[in-house]
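I have placed the structure first, in the form of structure tokens, so that the comments after it can refer back to it.
Just so it is clear, the values below take in all heavy atoms, side chains as well, and ignore hydrogens, waters and symmetry mates. In what follows, chains carry the letters A, B, and so on, assigned in the order in which the sequence lines appear, proteins first and then strands, with residues in each chain numbered from 1. This structure is a prediction, so every number in the text was calculated from the model and none was measured.
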Protein chains: 2
Amino acid sequence: MGRRSSGRPTINDVARLAGVSPITVSRALRDPSLVSVELRRLVDGAVAELHYQPNVNARALASSRADVIAVLVPSLTNIVFADFIRGIYDALDDGTLQVQIGNTHYSPQEEERLVRMFLGQRPSGLILAGIDQSSATVKLLKAAGCPVVQVMEYHEEPIDMLVGFSHFEAGKAATEHLVHAGYRRIGFIGARMDPRSQRRMAGYQRALEEAGMFDPTLITTTPTPSSVPLGGELLAEALARNHDLDAVFCNNDDLALGVLFECQRRAISVPHRIGICGFNDLDLMRAAHPSVTSVTTPRYETGRHAVQMVRRRLSGETEEVRYLDLGFRLQARESSARAFAPRWKPA
Amino acid sequence: MGRRSSGRPTINDVARLAGVSPITVSRALRDPSLVSVELRRLVDGAVAELHYQPNVNARALASSRADVIAVLVPSLTNIVFADFIRGIYDALDDGTLQVQIGNTHYSPQEEERLVRMFLGQRPSGLILAGIDQSSATVKLLKAAGCPVVQVMEYHEEPIDMLVGFSHFEAGKAATEHLVHAGYRRIGFIGARMDPRSQRRMAGYQRALEEAGMFDPTLITTTPTPSSVPLGGELLAEALARNHDLDAVFCNNDDLALGVLFECQRRAISVPHRIGICGFNDLDLMRAAHPSVTSVTTPRYETGRHAVQMVRRRLSGETEEVRYLDLGFRLQARESSARAFAPRWKPA
DNA sequence: TTGTAAGCGTTATCAC
DNA sequence: GTGATAACGCTTACAA
């Protein structure tokens with residue numbers, strides 16, 4: 001044992017105990033089918049006896065490939081990304097791959113910096129939120145040399161692969177639901193206004209234009225990060241501008257909840273005087289009183305699928321899914337059920 | 001350039017361009033004070049010109065030390081841990097250290113497996129939630145050879161270092177607040193009942209015992225994971241058992257919100273007929289109608305402090321904080337303000 | 001199917 | 001303060 005040794009058993013120790021060469025141990029561990037049953041048994045025995053654990057750094061150095069999936073999200077606390085990350089972890093539970101998370105704080109510059117940094121580690125895969133990367137980032141990703149999955153949006157020309165849904169269509173569907181429910185002066189309330197929020201708002205606008213009801217003064221947004229209290233504040237603003245506002249499509253459930261509380265505070269009847277539709281369908285929306293209409297989105301599933309796409313690519317499967325639309329579902333509840341309105345029917 | 005080369009510039013390329021030896025480059029990058037100003041400038045120039053980025057795997061292999069902080073949490077979506085993790089990331093924003101997160105799913109066995117796995121990577125530090133590790137895990141951690149920080153609890157004999165607050169005291173303070181507010185039949189509503197929940201419940205029990213009001217039938221718990229809808233269900237259970245229940249201390253804000261909605265649904269007046277106190281003080285508690293009393297907890301700060309403790313240890317500072325109580329704060333609001341009750345005053 | 005030799009890019013060690 | 005040398009533990013390339 002050299003002076004610099006870490007003291008832990010190495011592949012050489014295993015090889016010696018098993019009476020084989022180190023490379024045979026290496027093969028037996030990475031792909032047992034490369035080694036005869038006999039030797040495989042010997043190796044497994046020695047590994048167990050020594051409690052051998054491969055050194056991931058040595059492995060990565062020798063193979064120029066880290067057993068790591070890099071994940072870039074704009075926020076760590078937004079439940080949307082928390083659920084997504086949980087999906088990733090659950091899909092990776094066999095422990096063969098590690099996760100590295102980067103927080104871009106909704107900044108394309110920060111995203112570019114992180115992509116550069118992560119790519120420097122030669123990850124086995126890179127998963128990142130959205131389709132609005134800077135052109136420099138796109139260039140880096142196209143030359144990444146590992147599977148790249150964009151998530152949480154839908155687009156038919158991904159950099160490499162993509163899984164998500166169309167925020168435009170989701171925003172449009174939510175707004176159409178309010179139209180069908182009988183509301184006529186439907187507002188939009190949004191915070192942060194990142195690219196996905198923008199696309200949901202574009203869907204809202206399209207739906208109202210098609211219904212002949214669009215009015216830009218019905219839109220109330222702020223670059224401030226979203227929160228429940230902010231929902232109430234934005235509703236107050238919207239009502240001050242349009243006294244006849246009779247429904248709001250909220251950019252997310254936090255804002256919708258804030259709107260509901262503000263209505264309660266002002267004794268505004270929901271859904272009769274004002275209808276509410278949220279976005280994401282957190283479990284509290286069904287528990288609220290009245291229960292709140294929302295759009296169910298596939299956050300957890302997106303994480304799982306993204307990992308599966310990376311895995312499939314790594315295992316060299318031929319028939320490959322390049323983009324996957326997981327869709328969304330409108331969940332109609334009490335908050336948008338005007339007594340006299342016809343029941344909304346999915347298309 | 002050998003056949004196996006990754007193609008990226010190495011420390012040798014930098015050395016050659018700067019006209020110095022590789023080890024000088026290494027030193028200039030890790031600790032500029034080890035190298036003369038002259039050479040340092042040459043090295044910096046070469047690094048910039050080649051866009052050199054050190055290979056973290058080679059570095060980790062040669063030094064037996066990865067620039068990684070391992071973090072173990074029981075859940076990725078619980079906002080408590082999401083805020084904590086955000087604190088960790090923000091404290092690490094200079095990019096010298098990477099984060100590896102492990103999800104223990106509230107299982108000590110899984111925690112042990114992850115500790116074993118992470119320690120195998122020789123991290124620069126290990127941060128983990130709670131003080132209820134298995135004895136095997138404790139043994140591993142004591143021999144970890146890196147700073148270990150337990151978080152989210154308070155205890156004066158940490159394995160190594162600790163930062164958090166006392167859940168027992170917090171539960172006790174919340175309950176005492178309800179007592180002082182004039183409530184007499186104060187229930188406890190809890191889900192999951194992990195060790196921290198247990199300690200908050202123990203604090204609840206102590207407070208009621210001291211007030212001569214304890215009654216075990218006032219406790220309603222379930223091992224089911226917490227959620228807003230569950231809060232409503234547990235309130236229904238509690239009311240079925242004790243019609244005279246006049247307040248509830250909820251194990252967390254999700255449950256408290258569920259309780260509030262259920263009260264609204266049943267037209268039970270809050271705070272007059274029933275008082276509510278939550279735990280964690282999410283921003284929605286102040287937005288709710290009525291606003292909900294809760295206990296503010298230092299989640300984000302805990303993450304920041306944990307990283308600072310690791311850093312301080314790594315930089316070999318002498319005067320060392322081994323444990324740090326960040327405390328909590330009772331945030332009294334409308335949901336626990338009985339009209340006739342004396343105003344609660346902090347001790 | 002198994003083994004040999006060489007190298008992955010960096011840092012520890014020791015000499016100057 | 002700077003450099004030569006030899007690891008660190010594993011895998012690729014090639015040979016048998």
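Nearest to the side-chain atoms of A/N55 among the listed nucleotides D/dT11, D/dT2, D/dC10 stands D/dC10. The listed nucleotides are C/dT10, D/dG9, D/dC10; the one nearest the side chain of A/L61 is D/dG9. With C/dG9, C/dC8, C/dT11 as the choices, the nucleotide that has an atom nearest any side-chain atom of B/S26 turns out to be C/dT11. Of the candidates D/dT12, D/dG9, C/dG3, the closest approach to any side-chain atom of A/S5 belongs to D/dG9. The listed nucleotides are C/dG9, D/dT2, D/dT11; the one nearest the side chain of A/S63 is D/dT11. In the set C/dG3, C/dT11, D/dC10, the nucleotide with an atom closest to the side chain of A/T24 is C/dG3. Taking every side-chain heavy atom of A/T10 into account, D/dG9 is the closest of D/dT11, C/dG9, D/dG9. Of the candidate nucleotides D/dC10, D/dT11, C/dG9, C/dG9 has the atom nearest to the side chain of B/A58.
Looking at B/R8, its side chain has no donor and acceptor atom pair within 3.5 Å of the base of C/dG9.
In this structure, B/E110 pairs ionically with B/R113, as a charged nitrogen and a carboxylate oxygen lie closer than 4.0 Å. Salt bridge annotation for B/D13-B/R8: absent, with no cationic side-chain nitrogen under 4.0 angstrom from a carboxylate oxygen.
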TODO: Just do the side chain to side chain contact (heavy atoms under 4.5 Å, CB included) check on B/V35 and B/V43 with the steps written out, would you?
DONE: CA-CA 10 Å; B/V35 165; B/V43 169; 5.7 Å; no
- [ ] Run the numbers on A/D67 and A/R122 for salt bridge (charged side-chain N to carboxylate O under 4.0 Å, His left out), then give the verdict.
- [x] CA-CA 9 Å; A/D67 289 334; A/R122 306 248 153 185; over 6 Å; no
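No engagement by A/S64 is indicated, since no non-hydrogen atom pair under 4.0 Å with the nucleic acid exists. As judged by a 4.0 angstrom heavy-atom cut-off over every strand, A/N57 is placed among residues making no nucleic acid contact.
In this structure, the CD1 atom of A/I23 is 15 Å from the C1' atom of D/dA16, given to the nearest Å. Separating the CG atom of A/L34 from the P atom of C/dT1 is a distance of 8 Å, rounded to the nearest angstrom. Regarding B/I11, its CD1 atom lies at a distance of 12 Å from the P atom of D/dG3, rounded to whole Å. Atom CZ of B/R30 and atom P of C/dA12 are 5 Å apart (whole Å). To the nearest angstrom, P of C/dC8 lies 13 Å from CZ of A/R122. Between the C1' atom of C/dT1 and the CZ atom of A/R27 lies a distance of 8 Å, rounded to the nearest Å. B/R65 places its CZ atom 12 Å from the P atom of C/dA12, with the value rounded to the nearest Å. Here the P atom of nucleotide D/dG1 and the CG atom of B/L42 are 17 Å apart, to the nearest Å.
Seen from the ring of A/Y106, A/R192 counts as a face-on cation partner, given the 6.0 Å and 45° thresholds.
Surrounding CZ of A/R322 are more than 12 heavy atoms belonging to other residues, nucleotides or ligands, all under 6.0 Å away.
When the nearest nucleotides of DNA chain D are assigned to B/S21 and A/A62 by heavy-atom distance, the more 5′-ward of the two goes with B/S21. Positionally, the nearest nucleotide of DNA chain D for B/V37 lies more toward the 5' end than for the other of B/V37 and A/P22.
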